Amino acid sequence: MAAPPRRPLLILLAGLLLVASLATLAEAIYEDQVGLADWHQKYIGKVKQAVYHSQKSGRRRVVVLTEENVISSLDLRSGDIFWRHIIDKNDPLDQLSLSFGKYVLTLSSGGTILRAWNLPDGQMIWETNLQTSTASDPQLHVMPNSKVAKDNLVLVSAGRWIYAVSSIDGSISWEKEFSLDGLEIKQVLQSPENDIVYAVGIAGSSKLALYHLSTKTGEVLKDIQESLPGELSGEIVLGSDDVLVALNKARSSLFLIEFNSGRISYNKVHVSDLVQDLSGTFKLQSVSNGVIALQTPSTVSLLKLKDTDGLEVVQRFDQPAALSDALTIAEKDEAFAVVRHVGSQIEFIVKFTSDVSGEIIREKVIIDQHRGNVEKVFLNSYIRTDKSHGFRALVVMEDHSLLLIQQGEVVWSREDGLASIVDVTTSELPVEKDGVSVADVEHNLFEWLKGHMLKLKGTLMLANADEVAAIQALRLKSSEKNKMTRDHNGFRKLLIVLTKAGKVIALHTGDGRIIWSNLLPSLRASRFGVMPSALRIYQWQVPHHSVMRENPSVLVVGKSGAESSAPGVFSILDSYSGEELNAMRLDHSVVQIIPLTLKDLSEQRLHLIVDSNSNAHLYPKSPDALDVFLNEMPNLYFYSVDILANVIRGYSLQKSCDIEGDEYCFSTKELWSIIFPSDSERIAISETRKMNEVVHTQAKTIGDHDVMYKYLSKNLVFVATVSPKAAGDIGSALPEEASLVAYLIDAVTGRILHRVTHHGAQGPVHAVLSENWVVYHYFNLRAHRFEMAVIEIYDQSRADNKDVMKLILGKHNLSAPITSFARPEVVVKSQSYFFTHSVKAMAVTQTAKGITSKQLLIGTISDQELFEVAAGSGDIEVWILSNIAPPPLVCSNLVAKLSRSSLKISGMYLFGQHYARYKWGFGT
């Protein structure tokens with residue numbers, strides 16, 4: 001008979017089984033998975049200048065310069081990015097040009113930095129720094145067919161300086177500073193007949209100066225000055241090779257200035273004689289040799305020069321239109337394009353300058369109606385098979401999108417408005433249930449049946465190449481992660497972003513495709529009128545998932561002008577379709593937006609809008625919302641941060657308002673204020689807790705097994721100040737002159753709970769506040785590196801609640817209400833760490849029940865995403881997840897700050913119903 005197994009052996013086997021069972025619950029990613037993206041989209045922003053490079057063989061491309069300070073090379077056939085460079089915002093790009101067909105030249109920082117980039121791969125060839133006076137309009141001019149040392153000289157004018165730079169190595173061939181006080185060079189021209197450069201500038205408001213310069217040496221050959229009657233506005237365009245057109249300061253007359261005859265002569269023409277019903281603002285545009293355009297927000301008039309005798313109107317367009325620059329076609333002829341809106345289409349017209357009244361091409365192109373008006377046009381030509389000239393145009397739309405039009409069709413389009421995201425939120429997808437048609441969510445019934453017919457043709461081997469590609473796209477779209485229904489863990493969502501152009505775009509988190517887009521009419525701006533601005537986007541209505549026919553909606557808040565007193569604008573959109581449900585123009589301004597945690601019976605979230613008169617307005621304006629708000633109003637407080645005045649103020653709400661008959665308007669009462677001394681401290685940043693944050697446990701067990709209770713006040717505010725000399729860039733102050741002070745303030749009473757000073761530290765400061773801790777990032781000038789500090793605050797009034805018998809008998813104060821009016825007994829723990837990365841944005845994750853440990857998401861200036869385990873003041877662990885821009889679904893602030901470069905979902909999801917959700921910060 002076999003002996004029974006020994007007891008230690010049984011214990012060992014049981015232990016192994018237990019370890020194996022626990023190991024199956026662990027999840028990880030492989031090393032080669034770090035940095036991978038489920039989808040990654042790159043954008044460049046609104047194009048403001050474009051230069052074509054169409055070679056006979058090889059890749060045809062267009063080089064663009066954008067308002068987001070990006071220079072990029074695009075494939076002319078597909079619109080894909082060959083390369084791009086995101087230039088620092090402190091080095092704004094001014095001009096763009098090509099040289100030798102292989103160098104891309106950029107002028108930046110007000111004409112002080114000239115760079116050359118290699119056209120095929122975007123590598124920088126050389127950089128030259130130029131000394132210039134203060135200039136508002138620097139010019140870049142590449143001299144063609146130069147006879148100087150077989151080199152294309154590049155002329156740079158800024159202020160009263162002109163430089164001639166070699167396009168091969170960036171060396172300065174010659175430089176010239178003019179002695180005339182207040183001179184600003186407006187135009188630099190090259191004579192086609194000899195090596196003479198003409199420089200035309202304005203000194204003061206009425207003196208015109210013309211200089212003849214030698215191309216070889218920069219020597220001034222002739223200096224001509226003339227005083228014009230009346231003041232000039234500074235707006236000067238080139239009318240022809242020897243005629244300039246200038247607008248006077250009153251914007252009522254045009255001066256036709258001729259300068260080729262060795263002297264300056266001029267003729268004055270009244271604008272009202274050309275265009276009788278001209279109203280509103282207008283601007284001048286040089287179209288081609290002998291043709292200029294006078295543009296208003298609603299009309300465009302083409303004017304032709306009659307030598308210096310005057311101008312005549314050749315043609316007028318009564319719809320909003322955009323004109324391109326002239327494009328040389330033949331030796332003595334040029335072409336230009338006019339693109340205008342005709343109903344739901346745009347009309348593409350090409351004209352020769354020799355016959356402005358005639359037309360070479362007139363094509364109508366169907367485009368998406370949510371793209372707005374045409375902003376800019378860049379014309380390009382190509383040779384057809386029959387040796388005739390064909391034309392294509394790069395069109396910039398009002399929503400910042402980019403289109404290529406050719407032969408009456410849109411060849412490709414780019415949604416580059418996503419490069420300028422101002423705010424972002426998410427929306428849950430509908431629940432997939434029996435009896436609910438998925439066709440209602442994805443598309444209409446016709447599209448649903450069309451997809452099934454395509455799949456049937458593919459199964460029967462009857463599909464052509466285009467249909468096979470459509471079938472593959474449908475399969476990708478209908479994959480598990482790309483469905484338009486909610487999954488169990490809440491991974492699938494709609495990412496709803498608000499762009500600077502006032503366009504709202506919904507992206508699917510599975511593959512980043514655009515579900516819908518809507519350019520809001522209330523936020524559309526004319527090119528010369530008042531400029532509305534989009535401010536924030538919020539969740540407006542989030543119905544319970546059991547109410548299947550109720551779609552969630554979002555609220556977009558904007559202003560109808562740049563002033564603080566400009567009236568506000570509201571727009572409410574359906575989250576699933578993008579349809580605008582309601583739009584209203586407010587009768588008050590928008591200074592501060594306060595989302596509340598309260599909801600009415602229709603599950604609309606309540607919002608308070610504070611105007612410039614310190615009145616608070618409640619939305620939605622319904623009796624039910626008013627009743628809910630009045631019940632909670634005694635417990636509602638808010639604060640404001642005035643960075644310019646260097647003060648923080650706390651307010652309560654009163655039932656009365658100065659506006660009669662408006663029961664949804666409430667006056668505010670200032671309860672407290674903290675004024676920081678401007679000679680020693682300047683406010684750098686303020687942060688507060690998310691109002692809907694869920695905390696799982698009130699206690700924390702520290703290293704010695706002691707229990708400490710968190711100070712969990714939702715009224716806690718973190719404020720960081722820096723010394724005035726340390727408010728600039730890193731290195732702008734000495735360590736002895738720099739300091740950073742961190743405050744923890746109660747927003748109800750204004751009581752300062754904690755204050756700590758970091759000597760020798762300066763900004764930029766980034767911070768996040770969650771539960772009872774705050775993490776902030778700054779630069780240490782003494783150590784010459786970045787630091788990250790952690791502050792934890794604990795409630796000492798509950799420190800005695802550790803006796804088990806007291807807890808059993810109920811003799812504790814854990815359930816006692818916490819009030820900000822009672823002086824809290826708090827203890828603070830803090831720790832600082834060296835941190836090797838420069839931070840651009842910080843956020844903290846949020847979970848549905850607050851069980852999962854808080855994680856920090858950090859976006860660096862190198863577009864890396866850092867994933868940190870916030871384990872209190874004793875330990876911080878850092879993981880680098882990717883080397884691209886951070887995932888927008890995890891942190892909305894990161895998307896808004898880093899969307900200039902890219903938009904990316906990480907391969908390691910950190911959001912969902914039972915995982916970390918998106919970051920949502922309520923600005924003050």
Side-chain angles (χ1 to χ4, degrees), residues 68-69 85-94 107-115 127-136 138 158-159 641-648 674-687 718-743 755-768 774-789 791 832-842 858-864 866 893 896-898 900-901 923-924:
E68 299 300 321
N69 223 36
H85 293 294
I86 304 171
I87 311 301
D88 187 81
K89 63 180 180 179
N90 296 323
D91 182 19
L93 294 170
D94 301 314
L107 186 64
S108 60
S109 295
T112 59
I113 300 178
L114 181 65
R115 297 184 180 95
E127 176 181 303
T128 300
N129 293 318
L130 308 175
Q131 177 186 356
T132 64
S133 56
T134 302
S136 58
V641 179
D642 191 340
I643 296 180
L644 297 178
N646 214 34
V647 61
I648 302 178
I674 299 177
I675 303 175
F676 297 96
S678 299
D679 56 344
S680 60
E681 295 183 56
R682 300 294 301 175
I683 298 177
I685 192 175
S686 64
E687 288 289 337
F718 170 78
V719 177
T721 64
V722 296
S723 56
K725 292 186 177 180
D729 296 332
I730 295 176
S732 60
L734 298 174
E736 295 78 14
E737 302 171 334
S739 64
L740 184 149
V741 185
Y743 296 88
R755 179 181 183 271
V756 60
T757 303
H758 301 272
H759 296 285
Q762 73 167 123
V765 184
H766 300 275
V768 289
V774 59
V775 177
Y776 53 101
H777 178 275
Y778 55 91
F779 188 79
N780 189 328
L781 290 172
R782 299 183 186 275
H784 302 288
R785 64 175 66 188
F786 291 99
E787 285 186 358
M788 186 169 289
I791 298 177
S832 298
Y833 307 87
F834 286 132
F835 195 74
T836 58
H837 300 277
S838 178
V839 173
K840 188 187 296 185
M842 291 178 63
I858 299 177
T860 69
I861 60 172
S862 59
D863 286 338
Q864 282 185 324
L866 303 183
N893 283 0
K897 294 178 181 178
L898 300 181
R900 296 174 59 241
S901 56
T924 53

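When reading the values below, keep in mind they use all heavy atoms of this one structure, side chains included, and skip hydrogens, waters and symmetry mates. Computed from a predicted model, the values in this text were never measured in an experiment.
The minimum heavy-atom distance linking Gly111 with Asp94 is given by the pair N-OD2, 3.4 Å. Ser723 and Ala738 make their closest contact through OG-CA, 3.4 Å (heavy atoms, listed as atom of the first residue, atom of the second, distance). Looking at every heavy atom in both residues, His758 comes nearest to Ser832 through CE1-OG, 3.9 Å. Shown here for Ser686 and Val641, the closest heavy-atom pair between the two residues is OG-CG2, 3.6 Å. Between Ala684 and Val722 the shortest heavy-atom distance is CB-CG1, 4.3 Å.
To the nearest 0.5 Å, atoms CD1 (Ile113) and CG (Asn129) are separated by 5.5 Å. The OG1 atom of Thr721 lies 12.0 Å from the CD1 atom of Ile643; values are rounded to the nearest 0.5 Å. With rounding to the nearest 0.5 Å, the separation of OG1 in Thr860 from CD1 in Ile858 is 9.5 Å. Rounding to the nearest 0.5 Å gives a distance of 8.0 Å between CD1 of Ile861 and NZ of Lys840. Summarising the geometry, atom NE2 belonging to His759 is positioned 12.0 Å from atom CG belonging to Asn780; distances are rounded to the nearest 0.5 Å. We find the OG-CD1 distance between Ser838 and Ile730 to be 6.0 Å, quoted to the nearest 0.5 Å.
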**OP:** Go through Arg785 and Thr836 one step at a time and tell me if the side chain to side chain contact (heavy atoms under 4.5 Å, CB included) criterion holds.
**Re:** CA-CA 7 Å; Arg785 64 175 66 188; Thr836 58; 5.8 Å; no
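Between the side chains of Glu681 and Tyr743, a donor-acceptor pair is found at a separation under 3.5 Å. Between Tyr776 and His766, the side chains place no donor N or O within less than 3.5 Å of an acceptor N or O (distance only, hydrogens not considered).
Within the 4.5 Å cutoff, the side chain of Glu687 has no heavy atoms near those of the Val774 side chain. A heavy-atom distance below 4.5 Å is found between the side chains of Phe676 and Val719. Side-chain contact between Val765 and Leu740: present, with at least one pair of heavy atoms (C-beta onward) separated by less than 4.5 Å. Residues Ser678 and Pro724 are not in side-chain contact: their nearest non-hydrogen atoms beyond the backbone lie 4.5 Å or more apart.
For the ring-ring contact (aromatic ring centres under 6.0 Å, His included) test, residues two or more places apart in sequence or in another chain that qualify with Phe779 are Phe786. Listed by chain and number, the residues in a salt bridge (Lys or Arg N to Asp or Glu O under 4.0 Å) with Glu127 are Arg115 (sequence neighbours excluded).
Side-chain N or O atoms of Asn646 include one that pairs as donor or acceptor with a backbone N or O of Ile683 at under 3.5 Å. Using modelled atom types, no side-chain atom of His777 and backbone atom of Pro764 make a donor-acceptor pair closer than 3.5 Å. Within the 3.5 Å criterion, the main-chain N or O of Asp91 finds a donor-acceptor partner in the side chain of Asn69. Between the Arg782 side chain and the Ala761 main chain, no donor and acceptor come within less than 3.5 Å of each other.
The list of side-chain hydrogen bond (donor to acceptor under 3.5 Å, both in side chains) pairs with a residue in residues 729-740, not counting sequence neighbours, reads Lys725-Glu737.
In this structure, the ring of His784 has its center no less than 6.0 angstrom from the ring center of Phe834.
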